[in-house]
Amino acid sequence: MMNTLNTEKSAEKPFRKTGNPVELTSESPLHPRRKSHRIMVGSVPVGGGAPISVQSMTNTLTANVPATLQQIAELTAAGCDIVRVAVPSQDDADALPEICRKSPVPIIADIHFQSKYVFQAIDAGCAAVRVNPGNIRKFNEVGPSICKAATDAGISLRIGVNAGSLDKELYAKYGGPTPEALVASALKEAHMFEDVGFHDFKISVKHHDVITMVETYRLLASKGDWPLHLGVTEAGPAWQGTIKSCLAFGALLAEGIGDTIRVSLSAPPVEEVKVGCKLLEYMGLRPRKFDIISCPSCGRAQVDVIQLASAVTEGLKDVTAPIRVAVMGCIVNGPGEAREADLGVASGNGKGQIFIKGKVIETVPEDQIVDTLLTKAQEIAAQMEADGLVPANATGPVVVPIQHPNR
């Protein structure tokens, strides 16, 4: 019976060949999306089945308008859909009208402590405002006024609950920033918004611990249909924060939970966007862009795979066409992986077989592998650009290690 059921389920969905472009980006191949209602952040839909959006936050002084706009442009070029800017001072609030007017993507104002900046951000034309109920002074009193101002301006809000700024009473009641405490905080503010007729908001409940974060979002997702913004707060340096974010987002997105994401790294904001976009690509939630797969180093390799993959990645760092390049170092899995890619090399015995679309086109000496791959990749990319097949906001390559199945 079990085998029959598995066969029937498999027949319902065609095999998704590795590396195939994803046509439908609002639904995960792994699990149906959780049903949430839709809000708008400027021109970007969030929730309600809309494609998952990628957010980041500038680290410039917001009051430095040229620097902030330059960083917003860099984030946009990397694939960012929505950008948040910090508003800790009056000078920052005063800079918002020009930033909003000139930004190519919707701007969210990040407000803490001073509720007056919320109203200034709304008046300045921000697409949304992030408010942290745990540290906005007298939030219960000013909340309804914030909702009215947002309604009048036609913008959305984000309730941002963080483990580090949890309401003191909830902290004491639950003994710390537990999933129950974070969700209780979010529900309190959500119900306050809803009690005054305001529904255009999304919620985040961030924690630095992956397991706590996942448990918190699962609990919150079971309580209502609000759109959810995923984030692991204070995730750490680039390598650590990337691992934490991929684990947490991967678990939740695989369950259909999450409508917009931010990868929080102690790194340049553009790196957050690169990780976020690639994460969604590999989860089947964004169209595939440029991708490099490569072997790990092992005793079977007959070339220096690390050096070869690094050289190819560096040489193709500016290519954005959605091609898949395989850099393989031995004859066990090399030919098969190379055939699966748009362009690939299977290396061994001092030479490399170059594949294009699964066919060997030539065999070159080892010292010519890199130059040959770079030339062929540029030719393929140029043709795709000429054919109009390069997506907007396409990004450069990321090396993906492929682990041999018998290791």
Side-chain angles (χ1 to χ4, degrees), residues 34 36-37 39 47 57 84 86-88 108-118 128-148 150 156-236 241 244-245 247-249 251-252 255 257-262 264:
R34 163 184 169 267
S36 60
H37 71 262
I39 66 171
M57 186 173 182
R84 185 155 47 107
V87 189
I108 297 178
D110 187 76
I111 311 293
H112 298 268
F113 305 113
Q114 294 281 359
S115 61
K116 67 177 182 179
Y117 297 147
V118 175
V129 179
R130 181 273 179 106
V131 294
N132 187 337
N135 61 29
I136 292 284
R137 297 188 181 104
K138 298 181 179 180
F139 188 80
N140 291 340
E141 297 177 17
V142 300
S145 298
I146 290 173
C147 291
K148 183 180 185 308
S156 58
L157 300 173
R158 169 157 74 96
I159 296 173
V161 179
N162 269 22
S165 52
L166 184 65
D167 178 89
K168 293 180 180 179
E169 291 183 5
L170 291 174
Y171 190 99
K173 178 179 179 180
Y174 291 94
T178 64
E180 293 77 12
L182 294 168
V183 169
S185 177
L187 293 180
K188 176 183 176 183
E189 310 313 330
H191 293 155
M192 187 273 289
F193 281 9
E194 292 168 339
D195 286 346
V196 296
F198 187 79
H199 300 276
D200 291 331
F201 63 90
K202 60 182 180 291
I203 305 176
S204 65
V205 279
K206 297 184 179 182
H207 198 287
H208 66 84
D209 178 73
V210 170
I211 295 174
T212 303
M213 180 270 197
V214 171
E215 290 177 342
T216 302
Y217 275 97
R218 284 174 174 166
L219 179 60
L220 180 61
S222 71
K223 301 294 185 180
D225 69 345
W226 312 283
L228 301 181
H229 170 74
L230 302 187
V232 179
T233 191
E234 291 95 32
K244 280 187 174 183
S245 296
L247 285 170
F249 294 0
L252 291 168
E255 298 174 11
I257 298 172
D259 300 290
T260 181
I261 66 172
R262 182 204 173 180
S264 298

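These numbers were taken from a predicted model, which means no experiment stands behind them.
Checked against side-chain hydrogen bond (donor to acceptor under 3.5 Å, both in side chains), Glu194 has the following partners two or more places apart in sequence or in another chain: Trp226. With sequence neighbours excluded, the residues satisfying side-chain contact (heavy atoms from CB on, under 4.5 Å) with Met192 are Phe139, Pro144, Glu189. Phe198 pairs by the ring-ring contact (aromatic ring centres under 6.0 Å, His included) definition with Phe193, not counting sequence neighbours. Listed by chain and residue number, nothing satisfies the side-chain hydrogen bond (donor to acceptor under 3.5 Å, both in side chains) test with Asp200 (two or more places apart in sequence, or in another chain). In this view, Glu255 and Arg218 satisfy the salt bridge (Lys or Arg N to Asp or Glu O under 4.0 Å) rule, not counting sequence neighbours.
With contacts defined as side-chain heavy-atom distances shorter than 4.5 Å, the pair Pro179/Tyr217 does not qualify.
Closest heavy-atom contact between Met213 and Leu230: CE-CB, 4.4 Å. The shortest heavy-atom contact between Ala186 and Ile159 is O-CD1, 4.4 Å. Residues Ala184 and Tyr174 come closest through the heavy atom pair CB-OH, 3.8 Å. The two residues His199 and His37 come nearest to each other via the heavy atoms O-NE2, 3.0 Å. Taking both residues in full, the closest heavy atoms of Leu166 and Pro177 are given as CD2-CA, 3.8 Å, listed atom of the first, atom of the second, then distance. Residues Arg130 and Asn162 come closest through the heavy atom pair NH2-OD1, 3.7 Å.
Sorted by first and then second residue, the salt bridge (Lys or Arg N to Asp or Glu O under 4.0 Å) pairs involving residues 221-235 (not counting sequence neighbours) form an empty list.
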Step by step, would you call Val129 with Tyr117 a side-chain contact (heavy atoms from CB on, under 4.5 Å)? CA-CA 10 Å; Val129 179; Tyr117 297 147; over 6 Å; no
Quick one, Met57 with Asp110, criterion side-chain contact (heavy atoms from CB on, under 4.5 Å). Give me CA distance, side-chain angles, the key distance, then yes/no. CA-CA 9 Å; Met57 186 173 182; Asp110 187 76; 3.8 Å; yes
If you apply the rule side-chain contact (heavy atoms from CB on, under 4.5 Å), what do you find for Lys202 with Ile39, and how did you get there? CA-CA 8 Å; Lys202 60 182 180 291; Ile39 66 171; 3.9 Å; yes
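Separating the CG atom in Leu228 from the CD1 atom in Ile261 is a distance of 13.5 Å, to the nearest 0.5 Å. The distance from atom NE2 of His229 to atom CZ of Arg84, rounded to the nearest 0.5 Å, is 6.0 Å. Rounding to the nearest 0.5 Å gives a distance of 6.0 Å between CG of Asp259 and CZ of Arg34. The line from NE2 of His207 to OG1 of Thr178 is 8.5 Å long, rounded to the nearest 0.5 Å. Note that CG of Leu220 and CG of Leu187 are 6.5 Å apart. Values are rounded to the nearest 0.5 Å. Here the CD-CG distance, from Glu169 to Asp167, works out to 5.5 Å after rounding to the nearest 0.5 Å.
Looking at Ser222, its side chain does come within 3.5 Å of a backbone N or O of Leu219 through a donor-acceptor pair. Between the side chain of Lys244 and the backbone N or O of His208 there is at least one donor-acceptor pair closer than 3.5 Å.
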